[in-house]
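These notes concern the structure reproduced below.
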Amino acid sequence: MTSTVIYEGELRTVALHAASGTTIETDAPVDNQGKGESFSPTDLVATALGSCMLTIMGQKARDLKIDLKGTRIEIQKLMKPEPRRISGISLTFHLPDQLKLSEKHIKILQNAADTCPVKYSIHPDIELDINYNWPTAVENFSSY
C-alpha cells in the first residue's frame, strides 16, 4: 500500500504515507468552496511534477558530481472550468548562480528532468510550460 487518505470534514483530507508515516493535509481552494489553508489536491499534482523533475535531475547531478543544492522551482497551476480540471502547469527552474556547468552538462541535466515519471503521467491535454534559468555555461569546462 502506498498511502491512506482520511476525510476530516470541512473539505479537508489527511494523507498518510504508509512506509514513513509522513502526513500531508489537503484543503479545497477558496475558489472551490474551501478554506485554502493547505495544498489542494490539484496543487499537489503540479507540485509533484516539479518535485519529480528536480529529483530525477538531482540523481543525474549526483552521478556527475554536480551539487544542485539551492535549486528552486516556481510552479503555477492553471485551472479550467467545466469540467473543473488542470489546464496547464508552468515551471520555472532557478539554478544556483555559483554552478559552473558546460553546455553538455546543462543538456544532460535538463534531459534528465524531462524523463521524470510524473511528467510522463500528465495528460497531453495539460499544457506544460517549462523554463530553466541556468547560470551562464562555461565553455569546455571539464572539472567533472
Side-chain angles (χ1 to χ4, degrees), residues 1-137 141 143-144:
M1 178 172 50
T2 300
S3 61
T4 58
V5 179
I6 299 168
Y7 183 69
E8 296 213 323
E10 301 289 319
L11 308 179
R12 175 161 296 162
T13 69
V14 176
L16 173 68
H17 184 247
S20 69
T22 303
T23 61
I24 299 172
E25 286 188 358
T26 69
D27 200 13
V30 174
D31 68 348
N32 196 28
Q33 306 174 31
K35 296 178 183 176
E37 294 175 344
S38 190
F39 285 100
S40 72
T42 53
D43 291 342
L44 290 178
V45 171
T47 302
L49 175 60
S51 181
C52 183
M53 292 179 76
L54 195 50
T55 298
I56 301 300
M57 183 188 283
Q59 290 172 338
K60 184 54 79 174
R62 183 183 57 203
D63 294 345
L64 296 169
K65 298 187 181 4
I66 297 170
D67 184 3
L68 295 180
K69 189 173 183 178
T71 299
R72 70 182 165 84
I73 307 171
E74 294 173 353
I75 301 168
Q76 178 69 45
K77 171 200 71 178
L78 303 170
M79 297 293 291
K80 242 184 196 175
E82 300 189 36
R84 187 170 169 83
R85 63 183 180 88
I86 299 169
S87 62
I89 303 172
S90 174
L91 298 96
T92 302
F93 286 71
H94 297 277
L95 289 295
D97 290 337
Q98 70 271 16
L99 276 178
K100 302 291 186 225
L101 301 174
S102 67
E103 286 289 341
K104 178 181 176 182
H105 283 128
I106 289 171
K107 184 171 273 195
I108 289 169
L109 293 173
Q110 193 165 314
N111 286 339
D114 287 336
T115 66
C116 107
V118 173
K119 186 174 181 207
Y120 285 134
S121 302
I122 299 286
H123 193 280
D125 287 351
I126 296 176
E127 191 173 317
L128 299 179
D129 179 28
I130 302 169
N131 299 288
Y132 297 88
N133 289 326
W134 295 99
T136 304
F141 188 73
S143 74
Y144 297 112

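Looking at heavy atoms from C-beta onward, D114 lies in side-chain contact with K119 at the 4.5 angstrom threshold. For the pair L101/L95, no side-chain contact is recorded, criterion being any heavy-atom separation below 4.5 Å from C-beta on. Counting heavy atoms from C-beta outward, P117 and I56 have side chains that approach closer than 4.5 Å.
Expressed to the nearest 0.5 Å, how far CD1 of I73 lies from OG of S51 amounts to 7.5 Å. Rounding to the nearest 0.5 Å places CD1 of I89 at 8.5 Å from OG1 of T47. For the atom pair CG of L109 and CD1 of I66, the computed distance is 4.5 Å after rounding to the nearest 0.5 Å. With values rounded to the nearest 0.5 angstrom, E37 atom CD is found 11.0 Å from L11 atom CG. Put simply, CZ on R84 and CG on N32 are 4.0 Å apart, with the number rounded to the nearest 0.5 Å. Within the model, atoms CE of M53 and CD1 of I75 stand 9.5 Å from one another, a figure rounded to the nearest 0.5 Å.
For P135 against I106, the heavy-atom pair with the smallest separation is O-CD1, 4.3 Å. Residue C52 comes nearest to C116 through the heavy atom pair SG-SG, 2.8 Å, listed as atom of the first residue, atom of the second, then distance. Across every non-hydrogen atom of S20 and T22, the tightest pair is OG-OG1, 2.9 Å. Taking every heavy atom of both residues into account, T4 and M1 meet most closely at CG2-SD, 3.5 Å. The nearest pair of heavy atoms linking A46 to K77 is CB-CB, 4.0 Å. V14 and E25 make their closest contact through CG2-CG, 3.9 Å (heavy atoms, listed as atom of the first residue, atom of the second, distance).
Atom CD of Q98 has more than 12 heavy atoms from other residues, nucleotides or ligands within 6.0 Å. In D97, the CG atom is not crowded: 12 or fewer heavy atoms of neighbouring residues, nucleotides or ligands sit closer than 6.0 Å. The neighbour count for F39 CZ, taken as heavy atoms of other residues, nucleotides or ligands under 6.0 Å away, does not exceed 12.
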* Evaluate the side chain to side chain contact (heavy atoms under 4.5 Å, CB included) criterion for residues Y120 and T115: first the C-alpha distance (whole Å), next the side-chain angles of each, then the deciding distance (0.1 Å), finally the verdict. => CA-CA 7 Å; Y120 285 134; T115 66; 3.8 Å; yes
* Run the numbers on L99 and H105 for side chain to side chain contact (heavy atoms under 4.5 Å, CB included), then give the verdict. => CA-CA 11 Å; L99 276 178; H105 283 128; over 6 Å; no
* To do: Give the C-alpha distance, both sets of side-chain angles, the deciding distance and a yes or no for side chain to side chain contact (heavy atoms under 4.5 Å, CB included) between I86 and M79.
  => CA-CA 4 Å; I86 299 169; M79 297 293 291; 3.9 Å; yes
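Listed for the D63 side chain is no donor-acceptor partner under 3.5 Å among the backbone atoms of K60.
Considering only residues two or more places apart in sequence or on other chains, R72 meets the side-chain hydrogen bond (donor to acceptor under 3.5 Å, both in side chains) condition with E74.
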